[in-house]
Amino acid sequence: FFNDTATTEFYTLSLHDALPIYFRSLIMAKVLTIGDVHNPVAHPAYLQFCKDLYDQWDCDTVVFIGDIVDMQAISFHAANPMCPGPNDEYILTKQYIKKWYEAFPKAKICIGNHDERVIRLAESVNIPSKFLRDYKEIWNTPDWDWQYDFIIDGVYYFHGTGNGGV
């Protein structure tokens, strides 16, 4: 039973009512949510930390919240002369993404603003999207699902790009 504080009445859930609630809780995903990685400049211990959490909490689903890549070399901001150029950053990033992909071969990726930098730059100089490759091909992640958002068990996952911090 439970107490409805608004009416101070007690209600009893029958077994018929309670079983769907119980079984729904058994089949909900155990989601490891990974924050912005910003490869190739991710914290050196971040991957192991995420793998440990995945095992500790017996997760069955992985969602990256966006910004898998940093792509500072392809930015609308002033370039840092101490950082690698676009090609070198791509090579480094691909090496790091390979490690994440090996750790989490099935994952859902919320596309972030850094992930989109190449697309946004191409659009700014009128290069149509049909000339661009998709994320799976660029990063060699054929089993990752790259989308802007996901809903899993009623929870909304997204990076927030274009929402002004909302």
Side-chain angles (χ1 to χ4, degrees), residues 27-166:
I27 60 171
M28 290 181 70
K30 293 181 180 180
V31 180
L32 172 65
T33 306
I34 300 174
D36 298 11
V37 179
H38 286 276
N39 283 308
V41 294
H43 189 284
Y46 194 30
L47 174 58
Q48 187 59 53
F49 175 75
C50 292
K51 288 166 53 174
D52 291 345
L53 286 177
Y54 184 88
D55 292 338
Q56 177 184 350
W57 294 100
D58 194 29
C59 296
D60 57 20
T61 304
V62 174
V63 176
F64 287 84
I65 289 299
D67 289 350
I68 301 296
V69 302
D70 192 64
M71 300 309 291
Q72 75 78 34
I74 301 175
S75 174
F76 293 97
H77 305 290
N80 183 333
M82 300 304 291
C83 291
N87 192 56
D88 291 333
E89 185 175 4
Y90 170 74
I91 291 167
L92 284 170
T93 301
K94 198 163 182 182
Q95 292 169 357
Y96 282 96
I97 287 179
K98 181 180 180 186
K99 294 175 185 177
W100 285 90
Y101 186 72
E102 289 169 352
F104 306 111
K106 300 275 186 191
K108 298 180 181 309
I109 316 300
C110 298
I111 298 167
N113 56 308
H114 284 244
D115 303 318
E116 284 189 309
R117 281 184 168 172
V118 173
I119 293 169
R120 290 184 6 238
L121 183 60
E123 288 174 349
S124 75
V125 292
N126 294 321
I127 297 174
S129 61
K130 64 182 167 187
F131 291 109
L132 303 175
R133 297 183 290 157
D134 68 8
Y135 296 104
K136 290 180 180 191
E137 185 180 350
I138 293 169
W139 301 116
N140 195 26
T141 55
D143 293 323
W144 279 4
D145 185 7
W146 294 78
Q147 304 292 328
Y148 285 94
D149 55 8
F150 297 93
I151 297 175
I152 303 169
D153 296 330
V155 177
Y156 183 58
Y157 297 87
F158 74 113
H159 182 69
T161 302
N163 290 296
V166 175

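Throughout, numbering of the chain's residues begins at 1 and tracks the sequence.
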**Prompt:** Taking atom CZ of Phe104 and atom OG1 of Thr141, what is their separation to the nearest 0.5 Å?
**Reply:** 14.5 Å
**Prompt:** Where the side chain of Asp153 meets the backbone of Ala29, is there a donor-acceptor pair that is under 3.5 Å apart?
**Reply:** yes
**Item:** Distance (rounded to the nearest 0.5 Å) between Lys51 NZ and Glu102 CD
**Value:** 8.5 Å
**Prompt:** How many angstroms lie between atom CG of Asp55 and atom SG of Cys50, to the nearest 0.5 angstrom?
**Reply:** 11.5 Å
**Asp60: partners by side-chain hydrogen bond (donor to acceptor under 3.5 Å, both in side chains), with sequence neighbours left out** = none
**Request:** Return yes if a side-chain donor-acceptor contact under 3.5 Å exists between Tyr101 and Asn140, otherwise no.
**Result:** no
**Request:** Calculate, to the nearest 0.5 Å, the distance between atoms CZ and CD belonging to Arg120 and Glu123 respectively.
**Result:** 9.0 Å
**Item:** Counterpart residues, ring-ring contact (aromatic ring centres under 6.0 Å, His included), relative to Tyr157 (two or more places apart)
**Value:** none
**Asked** What do you reckon, is CZ of Phe131 surrounded by more than 12 foreign heavy atoms closer than 6.0 Å?
**Response** no
**Asked** Short question: side chain of Arg117, backbone of Asp70 - any donor-acceptor pair under 3.5 Å?
**Response** yes
**Asked** So how far is it from Tyr135 OH to Glu116 CD, rounded to the nearest 0.5 Å?
**Response** 5.0 Å
**Request:** Specify whether His38 and His114 have parallel, tilted or perpendicular ring planes, treating 30° as the upper limit for parallel and 60° as the lower limit for perpendicular.
**Result:** perpendicular
Tell me which donor-acceptor pairs under 3.5 Å the side chains of residues 75-83 have, and how far apart each pair is, sequence neighbours excluded?
residue: Ser75; atom: OG; partner: His77; partner atom: N; Å: 3.0
residue: Asn80; atom: OD1; partner: Met82; partner atom: N; Å: 2.8

**Complete:** So CG of Asn39 and CG of Asp115: to nearest 0.5 Å the spacing works out to 10.0 Å
**Message:** Please verify the inter-ring angle class for Trp144 with Phe64; under 30° counts as parallel, over 60° as perpendicular, anything in between as tilted.
**Reply:** tilted
**Request:** Go through the steps to decide whether Thr61 and Ile152 satisfy the test side chain to side chain contact (heavy atoms under 4.5 Å, CB included), and finish with yes or no.
**Result:** CA-CA 9 Å; Thr61 304; Ile152 303 169; 4.0 Å; yes
**Asked** Just wondering, more than 12 heavy atoms not from Lys136 lying within 6.0 Å of its NZ?
**Response** yes
